[in-house]
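Report on one structure; see the data block that follows.
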There are 2 protein chains.
Amino acid sequence: MSGRGNLFAALPPPGAEERFDTLLDHPAARIERIASFGHASPPGFWYDQPGDEWVMLAAGRATLVLEHADGDRETLALAAGDWVFIPAHRRHRVESTSNDAIWLAVHPGKT
Amino acid sequence: MSGRGNLFAALPPPGAEERFDTLLDHPAARIERIASFGHASPPGFWYDQPGDEWVMLAAGRATLVLEHADGDRETLALAAGDWVFIPAHRRHRVESTSNDAIWLAVHPGKT
């Protein structure tokens with residue numbers, strides 16, 4: 001981690017595992033880059049995170065599914081620049097990503 | 001403010017004043033979009049902010065000047081994807097921006 005960088009630099013090679021890089025590790029918030037590159041959540045897997053998350057798709061395309069408290073599922077087709085606030089414990093999964101998909105995620109409160 | 005959006009949508013018209021839009025107002029962090037569109041800090045003006053800031057140029061080009069504790073000035077030529085962590089009270093100014101410059105700023109601790 002350093003004091004500066006470029007979101008699109010030093011990316012993993014195509015076909016590599018999904019990679020998480022911490023860009024800022026601050027007492028009040030953590031910022032990370034996620035290079036998804038065609039990866040998706042495993043079948044039946046849902047994220048259920050203890051903290052809030054603000055996430056923006058910075059490049060590529062992705063399909064995100066949110067499950068609301070009443071069980072309704074909402075599918076979001078995301079393009080570059082699209083951002084979503086995902087409150088703590090809002091179940092969600094990444095249905096698909098393009099092979100150039102890069103996310104910028106902000107975790108306020110660092111959880 | 002809403003739970004989702006696109007960083008490149010609903011932009012001010014070219015030539016408009018610099019515009020700040022809050023994308024997330026969270027107890028632990030504030031996220032904002034800044035559409036600079038050719039604006040620069042006034043001559044002789046330096047930002048001296050009470051809180052830390054993580055800022056990424058999301059589109060366009062910009063020249064940022066940082067003043068270090070010893071008075072040395074560092075000029076950064078930024079392109080899309082370039083990000084910088086600016087600690088509290090690190091004096092800085094925006095020397096110039098292209099007419100399509102858009103920043104994403106994260107203020108951890110909300111200050």
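Predicted model, so just to flag it, every value in this text is computed and none were measured. Chain naming here is simple, since letters A, B, ... match the order of the sequence lines and numbering starts at 1 in each.
- Looking only at heavy-atom pairs under 4.5 Å with chain A, the residue among B:Ala59, B:Ala58, B:Gly81 that has the most is B:Gly81.
- In this structure, B:Phe85 and A:Leu24 approach most closely via the heavy-atom pair CD1-CD1, 3.5 Å.
- Side-chain contact between B:Leu76 and A:Arg4 is present, with at least one heavy-atom pair separated by less than 4.5 Å.
- Contact record, A:Trp83 with B:Leu23: CH2-O, 3.5 Å, taken as the closest heavy-atom pair.
- Panel note: side chain A:Asn6, backbone B:Ala80; a donor-acceptor pair is recorded below 3.5 Å.
- Heavy-atom minimum distance, B:Ala29 versus A:Pro108: CB-CB, 4.1 Å.
- Heavy atoms of other residues, nucleotides or ligands lying less than 6.0 angstrom from CZ of B:Arg91 number more than 12.
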Quick one: side chains of residues 33-40 of chain B, donor-acceptor pairs under 3.5 Å with protein atoms, not counting sequence neighbours, listed by atom name and distance.
unit_1, atom_1, unit_2, atom_2, d
B:Arg33, NH1, B:Leu7, O, 2.8
B:Arg33, NH1, B:Ala9, O, 2.7
B:Arg33, NH2, B:Ala9, O, 3.4
B:Arg33, NH2, B:Ala10, O, 3.1
B:Arg33, NH2, B:Asp21, OD2, 3.1
B:Ser36, OG, B:Glu18, OE2, 2.9
B:Ser36, OG, B:Trp103, NE1, 2.8
B:His39, NE2, B:Ala16, O, 2.7
B:His39, NE2, B:Glu18, N, 3.4

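- Looking at A:Ile31, the atoms closer than 4.5 Å to chain B (heavy atoms on both sides) all sit in the side chain, from C-beta outward.
- Each of A:Val65 and A:Val84 belongs to its own hydrophobic cluster when Ile, Leu, Val, Met, Phe, Trp and Tyr are linked at side-chain heavy-atom distances under 4.5 angstrom.
- For B:Leu104, the part lying near chain A is the side chain, with the backbone staying farther off; criterion is any non-hydrogen pair under 4.5 Å.
- From B:Asp52, atom CG reaches atom NE2 of A:His26 across 3.5 Å, with rounding to the nearest 0.5 Å.
- Two different hydrophobic clusters hold B:Val55 and A:Phe8 under the rule that ILVMFWY side chains link at heavy-atom gaps under 4.5 Å.
- Tracing side-chain contacts under 4.5 Å through hydrophobic residues (I, L, V, M, F, W, Y), one never reaches B:Leu66 starting from B:Trp54; they form parts of separate clusters.
- B:Val94 and B:Ile102 fall into different hydrophobic clusters, where Ile, Leu, Val, Met, Phe, Trp and Tyr are joined by side-chain heavy atoms under 4.5 Å apart, directly or via other members.
- A:Leu57 and A:Leu64 end up in the same hydrophobic cluster when Ile, Leu, Val, Met, Phe, Trp and Tyr side chains are linked at under 4.5 Å.
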